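All values derive from a computational prediction rather than experimental measurement.
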Amino acid sequence: MSMSPSTVPVQIPRELVLASAGTGKTFRISSRIIGLLAAGGHPDAIFASTFTRKAAGEILDRVLIRLAAAALGEDCARELSEAALFDKSSAGPEFWRRLLERLVSELHRVNIGTLDSFFVRAVTSFADEVGLPPGWRIADEAVAARVREEALREVLDQADRGVLLELLRGLANGGARRSVHDAVLTDLRELVELHHALDGAAADCWRGFSEYAGDLPANFDELRLALADEFESTPPPLTNGGTPRVNWAKNLAAAGTALRMGDWDSLLNLKLGQRAREDEGTFDRVAIPIDVAELFASADVLARAVLARRLTEQCRTMGRLTALFASALDRRQRETGAFGFAELTRLLGGGSPLCERPDIFYRLDARTQHIFLDEFQDTSLAQWQALEPLVDELLSGYEGERAAVV
């Protein structure tokens with residue numbers, strides 16, 4: 001049964017809604033959907049997306065429940081007409097009952113779901129165009145974990161051992177882990193997402209802290225040891241009884257020792273140093289003298305230079321290992337035909353985004369005209385690259401023709 005259009009048009013909105021949780025965004029979206037349906041819009045002319053199946057179900061539930069309430073009472077019918085921007089005085093309970101019947105009869109045409117589900121439908125319709133192998137499938141977690149392990153094994157088997165040790169050491173931040181294999185896999189899952197989110201045209205995306213990592217001065221060690229001497233020769237403040245304060249003495253001595261050993265992490269974690277970085281800082285109930293604060297400021301300059309070089313190399317190390325792993329993972333996914341949602345989304349938004357194709361809605365058996373994007377702030381770069389051509393197309397008409405609520 002096809003839904004009959006109303007003789008009274010709804011006010012077609014284009015809205016950007018900025019609001020926190022629980023303030024009525026779902027109510028707003030359901031109101032706009034109901035208004036479009038009341039004006040004769042077809043269920044498959046509306047594309048509404050959110051990030052979880054539960055949230056998508058809540059939008060559809062809200063539409064159906066509000067229509068049912070309006071079908072049962074004059075007050076609810078009047079309130080729904082106002083909320084849906086549907087200016088028709090005769091839109092009483094009988095009108096909303098008929099609309100509910102028609103919507104339920106075409107419930108299979110309703111396009112309210114997650115972005116992932118829409119992308120899977122699109123990729124399924126264009127599997128050959130995006131180069132998916134025959135029999136491809138969405139990988140469950142067990143299969144996805146096995147594919148990741150095989151990709152890591154390929155990287156470990158093929159990489160130069162010396163380079164590989166450097167990469168793993170950098171990824172582990174110089175520390176030892178009980179299970180290097182599991183730890184590296186855990187890190188790489190997050191790093192691959194970062195890898196694909198980077199701008200391919202940008203240079204040295206993994207440079208990290210390089211702006212602080214200039215050449216160390218030629219007399220760096222001389223400066224470091226001289227600063228250690230100053231810390232160790234600085235007298236701690238006295239107690240009321242005239243004895244040196246123990247915590248001060250320990251921290252000053254520890255600063256000197258850390259500088260002599262080049263233990264920058266310990267130096268930066270000293271409580272006295274942390275308090276010295278504060279304006280008018282105190283330590284052990286004593287105001288920190290300017291000369292002690294200046295000592296720590298000088299130590300921070302040396303520590304920053306060393307740590308920036310270390311962190312920059314670790315960032316670049318992560319970038320090199322991640323690129324190797326991403327390439328191996330792509331090969332393993334194509335060989336096994338097992339893909340995750342993230343990979344399918346990237347295929348959609350590649351060099352020639354599928355949503356730019358004029359036949360996309362023909363292939364999807366839909367005639368979308370209006371778009372509703374819930375929780376848009378959580379949209380990833382890859383998701384937007386896949387979705388942007390579709391949004392551009394839907395908003396290319398004049399404002400009163402197509403609705404958009406973000």
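Salt-bridge check for R148 with E141: passed, with a basic side-chain N closer than 4.0 Å to an acidic carboxylate O. For the pair R310 and D265, the salt-bridge criterion is met [side-chain N within less than 4.0 Å of a carboxylate O]. Using a 4.0 Å cut-off between charged side-chain N and carboxylate O, R346 and E343 make a salt bridge.
Listed for the R109 side chain is no donor-acceptor partner under 3.5 Å among the backbone atoms of E106. The backbone N or O of L18 lies less than 3.5 Å from no partner atom in the side chain of K25, so there is not a single donor-acceptor pair. Checked by atom type and distance alone, the side chain of W206 never pairs as donor or acceptor with a backbone atom of D204 at under 3.5 Å. Between the side chain of R334 and the backbone N or O of G131 there is at least one donor-acceptor pair closer than 3.5 Å.
If you take CG on L85 and CD1 on I34, they are separated by 11.5 Å, rounding to the nearest 0.5 Å. Here the CG atom belonging to L72 is positioned 11.0 Å from the CG atom belonging to L67, to the nearest 0.5 angstrom. One distance of note links CD1 of I59 with OG of S49; it measures 8.0 Å at 0.5 Å rounding. If you take CG on L344 and CD on Q333, they are separated by 8.5 Å, rounding to the nearest 0.5 Å. Taking CZ of R146 as the start and OG1 of T336 as the end, the distance is 7.0 Å to the nearest 0.5 Å. Between the CZ atom in F372 and the CD atom in E15 there is a gap of 8.5 Å [rounded to 0.5 Å].
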Quiz item: Could you go step by step and tell me if R320 and E313 meet the salt bridge (Lys or Arg N to Asp or Glu O under 4.0 Å) rule?
Solution: CA-CA 10 Å; R320 292 194 295 271; E313 183 53 37; 3.0 Å; yes
Quiz item: Run the salt bridge (Lys or Arg N to Asp or Glu O under 4.0 Å) check on R97 and E101 step by step: do they pass?
Solution: CA-CA 6 Å; R97 183 189 65 77; E101 287 180 353; 2.3 Å; yes
Quiz item: Does the pair R121 and N111 meet the rule for a side chain to side chain contact (heavy atoms under 4.5 Å, CB included), with working shown?
Solution: CA-CA 11 Å; R121 286 173 56 209; N111 192 10; 3.2 Å; yes
Exercise. Begin with the C-alpha distance, continue with both residues' side-chain angles, and end with the deciding distance and a verdict on side-chain hydrogen bond (donor to acceptor under 3.5 Å, both in side chains) for S117 and T114.
Key: CA-CA 5 Å; S117 65; T114 64; 3.2 Å; yes
Quiz item: What do the steps show when you test I65 against R62 for side chain to side chain contact (heavy atoms under 4.5 Å, CB included), and what is the final call?
Solution: CA-CA 5 Å; I65 290 170; R62 188 73 65 91; 5.9 Å; no
Exercise. Starting from the C-alpha separation in whole Å, work towards a yes-or-no answer on side chain to side chain contact (heavy atoms under 4.5 Å, CB included) for I288 and W248.
Key: CA-CA 10 Å; I288 297 174; W248 275 78; 4.0 Å; yes
Exercise. Evaluate the criterion side chain to side chain contact (heavy atoms under 4.5 Å, CB included) for residue pair R402 and I371; output intermediate values, then yes/no.
Key: CA-CA 8 Å; R402 296 176 177 179; I371 189 164; over 6 Å; no
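Sorted by first then second residue, the side-chain hydrogen bond (donor to acceptor under 3.5 Å, both in side chains) pairs that include residues 234-246, not counting sequence neighbours, are T239-T243. Counting only residues at least two apart or in different chains, side-chain hydrogen bond (donor to acceptor under 3.5 Å, both in side chains) contacts with residues 280-301 comprise R277-D300.
Residues L16 and V406 meet the side-chain proximity criterion, which asks for heavy atoms closer than 4.5 Å. At a threshold of 4.5 Å between non-hydrogen side-chain atoms, the residues W384 and V391 count as touching. Counting heavy atoms from C-beta on, the side chains of H370 and R32 never come closer than 4.5 Å. Side-chain contact between T345 and F119 is present, with at least one heavy-atom pair separated by less than 4.5 Å. Side-chain atoms of T322 and L194, non-hydrogen and from C-beta on, never get closer than 4.5 Å to each other. Between L307 and L268 the shortest side-chain heavy-atom distance falls below 4.5 Å. Between L373 and T379, the closest side-chain pair of non-hydrogen atoms is not below 4.5 Å. Contact check for E154 versus D157: no side-chain heavy atoms found under the 4.5 Å cut-off.
Under the 3.5 Å distance criterion, with hydrogens and angles disregarded, a donor-acceptor pair is assigned to the side chains of R331 and S327.
Remark: R137 CZ is packed, more than 12 non-hydrogen atoms of other residues, nucleotides or ligands lying under 6.0 Å away. Heavy atoms of other residues, nucleotides or ligands lying less than 6.0 angstrom from CD of E222 number 12 at most. In L107, the CG atom is crowded: over 12 heavy atoms of neighbouring residues, nucleotides or ligands sit closer than 6.0 Å.
For A83 against S31, the heavy-atom pair with the smallest separation is O-CB, 3.4 Å. Across I33 and A48, no two heavy atoms sit closer than the pair CD1-CB, 4.2 Å. A151 and A328 get closest at one heavy-atom pair: O-CB, 3.7 Å. A pairwise comparison of heavy atoms in A56 and T50 identifies N-CG2, 3.3 Å as the closest pair. Residues F51 and E375 come closest through the heavy atom pair CE1-O, 3.1 Å. Contact detail for C205 and L198: the closest heavy-atom pair is CB-CD1, 3.7 Å.
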Do any side-chain atoms of residues 249-260 form donor-acceptor pairs under 3.5 angstrom with protein atoms, and if so which ones, sequence neighbours left out?
residue : atom : partner : partner atom : Å
N251    : OD1  : L272    : N            : 3.2
N251    : ND2  : N247    : O            : 2.9
T257    : OG1  : A253    : O            : 3.1
R260    : NE   : E232    : OE1          : 3.3
R260    : NE   : E232    : OE2          : 3.1
R260    : NH2  : D229    : OD1          : 2.3
R260    : NH2  : E232    : OE1          : 2.7

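For the pair R275 and F296, the NZ or CZ position fails the cation-pi test of under 6.0 Å to the six-membered ring centre and within 45 degrees of the ring normal.
Ring planes of F220 and W264: tilted class, angle from 30 to 60°.
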